[in-house]
Amino acid sequence: MSLNYKFKRKAAQIAINRTLKYVGKNPEENFQKLAGKAEKLFGGMFPSDNFEKIKQGAADPENTYTRLGKSILSDIDENIIRTMLLALGFDAAYCGTKKARANREKLNCNIPWVILMDPTSACNLKCKGCWAAEYDRQQSLTNDELQSIITQGKALGVNFYMYTGGEPLIRKKDIIKICEDNPDCGFLIYTNATLIDRDFCREMKRVGNIGLAISIEGTEESNDFRRGEGSYSQVIKAMELLKEERCLFGISVCYTRKNLEAVTSDEFMDKMISLGSKYAWYFNYMPVGQGADPELIPSPAQRKFMYSWVRRMRSSKTGKPMFVIDFQDDGEFVGGCIAGGRNYFHVNSAGDIEPCVFIHFSDSNIRTHTLLEALQNPLFQAYRHNQPFNDNHLRPCPMLENPEYLRRMINETGAKSTNLLAPEDVETLCSRCDKFAAEWAPQADELWKNTPHKKTYTQYYRDTPEGIAESKNKNKI
């Protein structure tokens with residue numbers, strides 16, 4: 001850790017502390033003044049036109065993001081806000097992004113911005129459509145292995161980590177210790193919320209660098225259909241406790257053909273906001289694992305609806321004060337598929353390093369390979385060389401929308417199935433997606449053609465000198 005880094009981090013810490021103290025004296029008046037200083041505080045982290053929008057929005061008390069910002073300041077414990085701003089704003093967004101971009105060029109491989117990992121395969125629920133529902137429930141990563149992933153990741157430029165599973169909070173004491181030992185990292189825990197208690201909430205506040213993403217599927221009926229009877233009431237009680245203890249949390253929603261109406265209703269969104277949720281992560285159902293049902297994949301008409309709905313939810317004028325991301329329909333903002341280490345990868349509870357939480361194939365394991373070796377091994381290099389899998393970023397995935405790519409990459413690299421219950425052949429997996437891919441393609445192409453898109457400044461291999469030369473050679477052949 002260099003002296004220059006320590007000096008800059010300390011300066012950022014002082015600036016954040018002073019800013020929060022200043023706003024806290026008179027939130028209504030000083031929130032708008034703070035917006036005017038945003039560029040000075042965070043300039044260089046984000047495009048300059050973003051700061052002008054922040055200033056304009058802060059002047060409007062009905063602006064979606066003004067309302068969200070004020071709710072965070074009033075509802076969330078100050079130590080959490082302070083610690084998360086430092087870890088995610090300075091360490092991850094400012095320092096980590098620069099380091100990751102430099103390492104991509106230096107090491108000739110994808111370098112992610114976030115790493116997902118499963119502390120355990122164990123879970124007290126068995127939700128339909130969850131990739132972990134089929135896992136061998138005896139698998140776990142040791143504390144040393146979890147810390148090694150973070151240590152290696154930080155060396156590459158990764159300061160953001162997500163715990164998935166299984167149910168990560170089965171090991172909540174271990175997780176708290178690891179988060180405490182890595183204050184320069186932000187952590188997000190995907191959880192079914194059944195193990196949240198007051199002691200854990202207070203530990204979250206003490207450590208400060210933890211947020212939660214709580215799984216919920218709309219109404220009590222639609223939620224318990226996937227997650228089991230009684231799970232909805234447990235989630236609501238957990239949210240009420242988290243709000244009372246001023247903890248940071250949002251929701252995680254898997255939308256299917258059956259529950260989409262419920263999880264996008266105003267009633268559902270308003271209830272989640274009233275319970276204290278500050279963000280929402282929406283995931284398209286993926287037909288992965290034994291018992292997967294292709295009929296649960298949202299229809300093309302539903303996907304088209306989601307594209308407009310999520311933008312309406314984020315509008316400064318028509319939106320709601322909870323930040324919403326749809327990983328399938330927001331591909332245009334991140335340059336398509338972000339898996340294979342381009343922006344993230346997944347380590348399962350057996351140590352297998354997978355390109356995506358939904359694509360259970362691997363040619364590397366943390367017990368036999370370093371993270372860098374995995375990124376440089378054939379499977380992740382195949383991702384790097386083929387991304388984006390489609391120039392229409394409404395068709396980003398090499399499995400769901402472009403299954404011919406996953407078939408080819410797995411067959412060419414020899415990557416093995418990592419399904420922890422029973423191996424799954426790539427042809428079996430992709431065949432569940434062929435129908436949707438064919439039906440969605442013309443509608444997605446029409447929507448893409450008639451919608452303006454911002455430049456993402458994405459680093460693709462195809463744009464490097466090596467990638468350009470490789471493309472020319474292919475054309476010659």
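Worth knowing before you read on, the calculation uses all heavy atoms, side chains too, and leaves out hydrogens, waters and symmetry mates.
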salt_bridge(D266, K320) N-O dist < 4.0 Å: yes

Has S121 got a side-chain atom pairing as donor or acceptor with Q139's backbone, closer than 3.5 angstrom? yes

If we count only N and O atoms by modelled type, under 3.5 Å, do the side chains of E261 and S265 hold a donor and an acceptor together? no

Classify the side-chain pair D326/Y255 by whether it contains a donor and acceptor separated by less than 3.5 Å. yes

Please evaluate residues T194 and N192 with respect to the criterion side chain to side chain donor-acceptor pair (under 3.5 Å), reporting the C-alpha separation (whole Å), side-chain torsions for both, the decisive distance (0.1 Å), and the verdict. CA-CA 6 Å; T194 58; N192 62 36; 2.6 Å; yes

Between E424 and S417, does any side-chain donor sit less than 3.5 Å from a side-chain acceptor? no

Classify the ring geometry between F327 and W281 as parallel (under 30°), tilted (30 to 60°) or perpendicular (over 60°). parallel

Decide yes or no for C185 and K154: does some side-chain heavy atom of the first lie under 4.5 Å from some side-chain heavy atom of the second? yes

Residues E180 and N209: side-chain donor-acceptor under 3.5 angstrom: no

Considering residues, nucleotides and ligands other than E373, do more than 12 of their heavy atoms fall under 6.0 Å from its CD? yes

N-O pairing of E244 and R198 below 4.0 Å: yes

Exam field: side chain S71 to backbone L68, donor-acceptor pair closer than 3.5 Å: yes

I'd like to know if the side chain of E167 pairs up with that of T191 as donor and acceptor (distance under 3.5 Å, no hydrogens or angles considered). yes

Going by the angle between their ring planes, with limits at 30° and 60°, are H393 and Y460 parallel, tilted or perpendicular? tilted

Do the non-hydrogen side-chain atoms of L212 and M204 ever get within less than 4.5 Å of each other? yes

Please determine which of R202, K172, K237 meets the salt bridge (charged side-chain N to carboxylate O under 4.0 Å, His left out) test together with D197. K172

Distance-minimising heavy-atom pair for W309 and T264: NE1-O, 3.2 Å

With side chain to side chain donor-acceptor pair (under 3.5 Å) as the criterion, how do R171 and N143 come out once you've worked through the C-alpha distance, each side chain's angles and the decisive distance to 0.1 Å? CA-CA 10 Å; R171 296 184 56 190; N143 283 5; 2.7 Å; yes

Between the side chain of T19 and the main-chain N/O of A15, is any donor-acceptor distance below 3.5 Å? yes

Looking at E332 and R311, is there a salt bridge between them, counting it only when a charged N and a carboxylate O are closer than 4.0 Å? yes

Which residue, K99, R9, K6, forms the salt bridge (charged side-chain N to carboxylate O under 4.0 Å, His left out) with D91? R9

Which residues satisfy the ring pair (Phe, Tyr, Trp, His ring centres under 6.0 Å) test with F361, sequence neighbours excluded? none

With distance as the sole criterion, is a donor-acceptor pair present between the side chains of D118 and N348 under 3.5 Å? no

Going by atom types alone, do R104 and N110 pair a side-chain donor with an acceptor below 3.5 Å? no

Charged N to carboxylate O below 4.0 Å: is that the case for E240 and K243? no

Are side-chain heavy atoms of L248 and K278 found at a separation under 4.5 Å? yes

